[in-house]
Amino acid sequence: MYFNDQKERRLGEKLDGPKLRKRLGKSLEQLKRHDPSVEVADKPTQILFVGNSSVMCGVSLEELEEIFTVYDGNCQFIVYPNKRTYSFVQFSSVEQSQKACDELNGYTSPVLKTSHLPFVIAYVENLPQESIAPEFRPKDLEIIDDFVNEETEQAILDVIYSNPKAQSMKHRAVVHYGHEFDYGSNAAFKPTDPIPDLFDKLIDRFVQEGYIKERPDQITANIYKPGDGIPSHYDTHSAFENEIISLSLCSDVVMDFKDGANSATIAPVLLKGRSLCIIKGESRYRWKHGIVNRNNDVDPRSNRVVARKLRVSLTFRKIRTQPCQCSYKEFCDWDREGEMCIPSTANAALKLEQTYVADVYENIAAHFNETRHSNWRAVQNFINSLPRYSVLYDVGCGNGKYLAPKDDLIKIGCDMCMGLCKIAAGKNTNVIRADALHLPFHSAADAVICIAVLHHMSSFERRQIVIREILRVLKPGGRACLTVWSMDQSDSEYSNMRKNKEESNELCELTREAKRLRIHDGKQFTQQDLFVPWVSDEKETYLRYYHIFRDGELEELLGGIDGCQLESITREQGNYVVIFKKIK
Ligand SMILES: O=C(O)CCC(=O)C(=O)O
Ligand SMILES: [Fe+2]
Ligand SMILES: [Zn+2]
């Protein structure tokens, strides 16, 4: 429909008479359908309904501002990200709205870069009722609107601006009080300007009103120009106590909270000017927070576009002096005797796999089963190549997807997960509950498959034991087919998703210590040992330990084992498929 219009209209042209009335009529019909609460006025009012002015018509908020602020520098815009073809502009006086209406009604402004449609304008009595959708928030996050009044807001701003030390960072300007956080080392503090009296009074209120127990001793003022943001980050556990309070001033802004266990889960939260945001518990220890660099936000509750103005925030934190004892240890940078690190002892490796492999599979077995149907091409080819009546062991058979099909092979599987054994046995297969390091078989196999198992072994020694066990149960001359996850995901169907732009310059990020096991965020692998989240049907997140293989690593592993002859290593969908033979 817009194509015809584009041909008809020329920029700077003004439509009037019956044509304009007809267009306006159509636009007002849409208004009636989508926003029946809005009443069209029969005489001039301060609020203009502006048809053909939405994002859907290719008109940006910036263009609207350029066109309408000529009549009133303080006019307010109500615009929508989609679904509407119109916007609303509210003026300070009827005179101003009348002048804008007279000059712009039916006019195709040359300011418009994409749209060539004339604005069709009507006076309305009221703005649409905000349909407030419930906002999804991370657990333990608290927002208190109108925590300070406008007078206090101004007084706080005066204090901040009186500080000559506003050091300029790439985007934001930052001023510290009490102690200075050293972004370079991520954890060191040095004393700096004392906390001003006015801020101390705010802290009194935080304590009195029960938002915090202990007084913060470190305050950061962030000054954001419209368009500025702050990268998604954790406020480091080891650096600060639990409660973190952010007081927003001047502009509204949307802060995005990202689930640390599943970065695809984002909760946008509107922080209004003069509101308090208390980040504690799960919302502080498990979720990252950040503000995207952009000029306007979409209010997650009303779906309206909110233009950003200059925003000032005060973040109140207490410096931690004792070890962090949060229950979110996967996200905690405090070293707890190496529990979340690459294991350095045999016992630690066993414990890690028990918690982050065995227990997890018991919990997710049913859901895991629902997602495991298709077979790897290379594995299927390997099975198809076996002579009739060959004995095939499936080490870590999971839900039994390779055991179930009836063929001329004698197949026995094992898995250490009871839930998966039950599911596999339910498919009329032979299954034994056993782990890959202690195979319950004699050396009777013509072939072994071991699919997506070895990457759950958390030490080189344990990976070697699995290979030795496979060789032990093979007849001389028998062959094994084994798959593991590969660092290189370029041939994976998810490769585009995984290559998402790296989050720029993550701030106060968990320690970058190489030994630390971090949570895979679905992007490219940046370390070999990590946790991969599994989100269950009930939206519970479980972390599974993985060792991701780099190029050449399987050759090294197999090369060090007597009686093992490497036949081939191929790649399939981000995995290595290796075939080897027992030669003695
Ligand atoms: O501006 C804000 O509200 C948050 C600032 C922040 O997250 C920080 O300084 O760590
Ligand atoms: Fe923060
Ligand atoms: Zn912690």
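Note that ligands are numbered from 1 as they come in the structure, with each ligand's atoms numbered from 1 the same way.
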Do you know the tightest heavy-atom contact between S486 and I548?
C-CG2, 3.3 Å
Ring of F147, cation from R205 - is the NZ or CZ under 6.0 Å from the centre and inside 45° of the axis?
yes
Please work out whether the ring planes of F368 and Y361 are parallel, tilted or perpendicular, with thresholds of 30° and 60°.
perpendicular
For S313, the atoms of ligand 1 under 4.0 Å from one of its heavy atoms are 1 (O), 2 (C), 3 (O)
Counting heavy atoms only, which part of D235 comes closer than 4.0 Å to ligand 1: side chain, backbone, both or neither?
side chain
With backbone taken as N, CA, C and O and side chain as the heavy atoms from C-beta onward, which portion of I230 lies under 4.0 Å from ligand 1: side chain, backbone, both, or neither?
side chain
Counting from 1, what ligand 1 atoms have a heavy atom of S246 closer than 4.0 Å?
2 (C), 3 (O)
Report yes or no: does a heavy atom of N222 sit under 4.0 Å from some atom of ligand 1?
yes
Test of proximity, R311 against ligand 1: N or O pairs below 3.5 Å:
yes
Nearest non-hydrogen contact with atom 4 (C) of ligand 1 belongs to which option: H289, M255, K288?
M255
With the Zn ion (ligand 3) at the center, what angle do ND1 from H237 and SG from C326 span, rounded to 10 degrees?
100°
What orientation do Y177 and F199 show, parallel under 30°, tilted 30 to 60°, or perpendicular over 60°?
perpendicular
Give the numbers and elements of all ligand 1 atoms closer than 4.0 Å to a heavy atom of Y224.
1 (O), 2 (C), 4 (C), 5 (C)
In D235, the N/O/S atom nearest the Fe ion (ligand 2) carries the name OD1
Would W287 and F331 count as a close aromatic pair, with their ring centres under 6.0 Å?
no
Could you tell me whether D252 and K309 make a salt bridge, using a distance below 4.0 angstrom between a side-chain N and a carboxylate O?
no
Less than 4.0 angstrom from a charged side-chain N to a carboxylate O is my criterion; do E142 and K280 meet it?
yes
Evaluation steps, salt bridge (charged side-chain N to carboxylate O under 4.0 Å, His left out), between E353 and R462:
CA-CA 11 Å; E353 287 169 33; R462 290 170 71 81; 2.7 Å; yes
To the nearest 10 degrees, could you say what angle the Fe ion (ligand 2) makes with NE2 of H289 and NE2 of H233?
90°
